[in-house]
Amino acid sequence: PPQWGRGIGGYGSRVTSRHGQFLIQNTITTLGDTALQYEPRYDRCRCRGLWVRTRHALLRNFVTYDRTEENLRPQFPLYGAALAAGMITDTWKPAPDMWRHGYQGLTTQAGYGVLSNWIGEFAPEIVNTLRRHGRENTARQVAE
């Protein structure tokens, strides 16, 4: 919020508020996953192909396995927690608008969740590419 200012104090307030929101969201998500016996971990696709794996990463942001690890269920705890955390953190902001901040929590979760899953899905390939690129640069430097 602009009322918090632009200086170090305002920055500290924003960082603290955001950290509080993540803490609240993660706590509620954990409690919900435990109560419903949902699997919170991301599972990499056992398939091949960019688009198939990207689809898997996107889909797994919105569904998760139950305790059987066979049945997919909607991510109610994750998105309920994102909504609740946005609304709860609104209580200490200068211009409260609980529903708007709750909705922002939902959309932020959707965006960062998809990005996080996509990175997790392709992490081995990303790491291998970076390592190979690093070895090529080292070999080039030694040759010079």
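- Across every non-hydrogen atom of Pro74 and Pro77, the tightest pair is O-CD, 4.4 Å.
- With hydrogens and angles disregarded, no donor-acceptor distance shorter than 3.5 Å links the side chain of Thr16 to the backbone of Ser13.
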Tell me, with the steps shown, if Gln109 and Gln75 meet side-chain hydrogen bond (donor to acceptor under 3.5 Å, both in side chains).
CA-CA 11 Å; Gln109 174 56 51; Gln75 284 271 29; over 6 Å; no

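- Between the OG1 atom in Thr108 and the OH atom in Tyr103 there is a gap of 10.0 Å [rounded to 0.5 Å].
- The two atoms that bring Glu121 and Arg53 nearest to each other are O-NH2, 2.6 Å, heavy atoms only.
- Tyr65 has its side chain out of reach of Arg41: every pair of non-hydrogen atoms, C-beta onward, lies at least 4.5 Å apart.
- Here the CD-CG distance, from Gln104 to Asp97, works out to 8.0 Å after rounding to the nearest 0.5 Å.
- Note that OG of Ser17 is 4.0 Å distant from CH2 of Trp4, once rounded to the nearest 0.5 Å.
- Between Tyr79 and Asn61, the closest side-chain pair of non-hydrogen atoms falls below 4.5 Å.
- There is no path of hydrophobic side-chain contacts, each under 4.5 Å, that joins Trp51 to Leu58.
- Among all heavy-atom pairs drawn from Thr30 and Thr34, the shortest one is O-OG1, 2.8 Å.
- Taking the six-membered ring for Trp and the full ring otherwise, the centers of Phe122 and Trp118 sit less than 6.0 Å from each other.
- The environment of Phe76 atom CZ is sparse: at most 12 non-hydrogen atoms of other residues, nucleotides or ligands sit within 6.0 angstrom.
- Around CH2 of Trp99, the count of heavy atoms belonging to other residues, nucleotides or ligands within 6.0 Å does not exceed 12.
- Taken to the nearest 0.5 Å, the OG1 atom of Thr29 stands 11.5 Å off from the CD1 atom of Ile24.
- His101 approaches Ala95 most closely through the heavy-atom pair CE1-O, 4.1 Å.
- Atom-to-atom distance recorded for Lys93:NZ and Gln21:CD is 5.5 Å, nearest 0.5 angstrom.
- Within 6.0 Å of the CZ atom in Arg14, the count of heavy atoms belonging to other residues, nucleotides or ligands exceeds 12.
- In this structure, the separation between NE2 on His56 and OG1 on Thr54 is 11.0 Å, given to the nearest 0.5 Å.
- Between Asn117 and Ala57, the closest heavy-atom pair is ND2-O, 3.2 Å.
- Residues Gly20 and Thr89 share a closest heavy-atom pair of C-CG2, 4.4 Å.
- In the hydrophobic clustering of this structure, Leu78 groups with Leu83; members are Ile, Leu, Val, Met, Phe, Trp, Tyr whose side-chain heavy atoms approach within less than 4.5 Å, directly or through other members.
- Ile88 and Leu106 fall into different hydrophobic clusters, where Ile, Leu, Val, Met, Phe, Trp and Tyr residues are linked whenever their side-chain heavy atoms come under 4.5 Å apart, directly or through other members.
- Both Leu115 and Leu50 are part of a single hydrophobic cluster, where members link through side-chain heavy atoms under 4.5 Å apart.
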